[in-house]
Number of protein chains: 2
Amino acid sequence: MIRNSIQVLHAQGYKVTRPRLQVVEILGKAQKPVSPYEIQKMLKQQGRYLNHVTIYRVLELLCHLNLAHKLPSEKGFIKCILGNREGCHRFMICHKCGAIQEYADDKLCRNEKEIAGEIGFHTQYHVSESYGLCSSCYKGELAGNV
Amino acid sequence: MIRNSIQVLHAQGYKVTRPRLQVVEILGKAQKPVSPYEIQKMLKQQGRYLNHVTIYRVLELLCHLNLAHKLPSEKGFIKCILGNREGCHRFMICHKCGAIQEYADDKLCRNEKEIAGEIGFHTQYHVSESYGLCSSCYKGELAGNV
DNA sequence: TATCTAAACGCAATAGTATTGCATTTAGAT
DNA sequence: ATCTAAATGCAATACTATTGCGTTTAGATA
Ligand SMILES: [Mn+2]
Ligand SMILES: [Mn+2]
Ligand SMILES: [Zn+2]
Ligand SMILES: [Zn+2]
């Protein structure tokens, strides 16, 4: 995570700074989307400090570099685990435990573009989030309902 | 739009109030997502006034009744044009003119659920937004590039 | 039509989120 | 070691969202 981020930053001509690495580290540990202010609090607990403006700017850059994604409906950011694979990156979100699963699927993209094409809409990218229960939470629900 | 909203409010045991009708009216006219504060401004221009808290509450209700949708990535609300059709309601968003096209597609939902199922994720609903150019903006782009 | 009450609204206070301009610091090139 | 464009911190400001509570009102009932 960190290593890859450093590489990407470097390769794209962006400086490798402490704030950037700190945010990357937080995202790497987080198991669910985190907001800029949440990141600030988490750093604070480590005795570190970053201005919230800096965090906003870092997150913006990380998204630009596809190292992170913004999940608007969750009001938070999450690290990208797919790399620069083709197609759009999609998410499954467990609304019980908050866990996120990132995935990509070309067929799905083609489907959506096809439907759009039928009414003359030219798709450039997709935002796609599935909400439900992850396998472990689903099992928990079943157990609870006995 | 208004008539249908009145019916739904009534049928569900919610009062038909002036604030609710005013917000419905604004959503009906808007050609793109509008935020609560934008709605307040638009009403102001008509010489009307609603407290922003009221607008928040009305929008929450309208979404609950499927008369409107929140578009998180656009930070705004839009009226629903599909009614209570089965499946999730999806959107195509032109990032040039801001126009929105709502649609639904069962096949797409099945596809997504299928993919989720493969990793044990149990989907309950989808958030889906396609970004690109609507047909008229696309034509405009082509013309401009000559 | 008048009365009544739960539901809805307005207001005020407060909290949380986001953006901008500018001075200072610093990564990394030379 | 020096230099400079890039990045950060700070301060001010604007925008967005939530809560509690007193007042008003839609619409049911008589
Ligand atoms: Mn990704
Ligand atoms: Mn709809
Ligand atoms: Zn879960
Ligand atoms: Zn357009």
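Just so we're clear, the structure is a prediction, and the values are computed from it rather than from any experiment. Letters A, B, ... mirror the listed sequences (proteins, then strands); counts begin at 1.
Straight-line distance from the OH atom of A/Tyr56 to the P atom of D/dC10: 17 Å, rounded to whole Å. Separating the CZ atom of B/Arg18 from the P atom of D/dA26 is a distance of 8 Å, rounded to the nearest angstrom. Regarding B/Gln12, its CD atom lies at a distance of 12 Å from the P atom of C/dA8, rounded to whole Å. Protein atom CG of B/Leu43 is 13 Å distant from nucleotide atom P of C/dC9, rounded to whole Å. Whole-Å rounding puts the A/Arg57 CZ to C/dT17 C1' distance at 15 Å. Between the CG atom of A/Leu61 and the P atom of D/dT8 there is a distance of 9 Å, given to the nearest Å. Residue A/Leu59 contributes atom CG, which lies 15 Å from atom C1' of D/dA7 at whole-angstrom precision. For A/Tyr14 and D/dA7, the OH to P distance is 7 Å, given to the nearest whole Å.
Under 3.5 Å, the side chains of A/Tyr131 and A/Ser73 contain a donor-acceptor pair of N or O atoms.
Residues A/Phe77 and A/Cys63 form a side-chain contact, since some pair of their non-hydrogen atoms from C-beta on lies under 4.5 Å apart.
Of the listed nucleotides (C/dG21, D/dT18, C/dG10), C/dG10 has the atom at the smallest distance from the side chain of B/Asn51. Checked against D/dG9, C/dA7, C/dG10, the side chain of B/Lys15 finds its nearest nucleotide in C/dA7. Distance from the side chain of B/His10 is smallest for D/dA28 among the nucleotides D/dA17, D/dA28, C/dT26. With distances taken from any side-chain atom of A/Val53 to the nucleotides D/dA5, C/dC9, C/dT19, the minimum falls on C/dT19.
Not one side-chain nitrogen or oxygen of A/Tyr37 sits closer than 4.0 Å to the OP1 or OP2 atom of C/dG16. Look at B/Thr17 and you won't find any side-chain N or O under 4.0 angstrom from OP1 or OP2 of D/dA26. Of the side-chain N and O atoms in B/Tyr49, one or more sit less than 4.0 angstrom from OP1 or OP2 of C/dC11. One finds a side-chain N or O of B/Arg20 lying less than 4.0 angstrom from the OP1 or OP2 phosphate oxygen of C/dA8.
The nucleotide C/dT30 finds its pairing partner in D/dA1, both defining distances of the Watson-Crick or G-U wobble pair being shorter than 3.5 Å.
Taking only distance into account, the side chain of A/His52 never meets the base of D/dT8 through a donor-acceptor pair shorter than 3.5 Å.
In the hydrophobic cluster analysis, where Ile, Leu, Val, Met, Phe, Trp and Tyr join through side-chain heavy atoms closer than 4.5 angstrom, B/Ile115 is grouped together with B/Ile119.
For B/His122 and A/Tyr138, the distance between ring centers is under 6.0 angstrom.
Between B/Pro36 and B/Val16, the residue anchored closer to the 5' end of DNA chain D is B/Pro36, taking for each the nucleotide with the nearest heavy atom.
Nearest heavy-atom pair across B/Cys88 and B/Cys109 is SG-SG, 3.2 Å.
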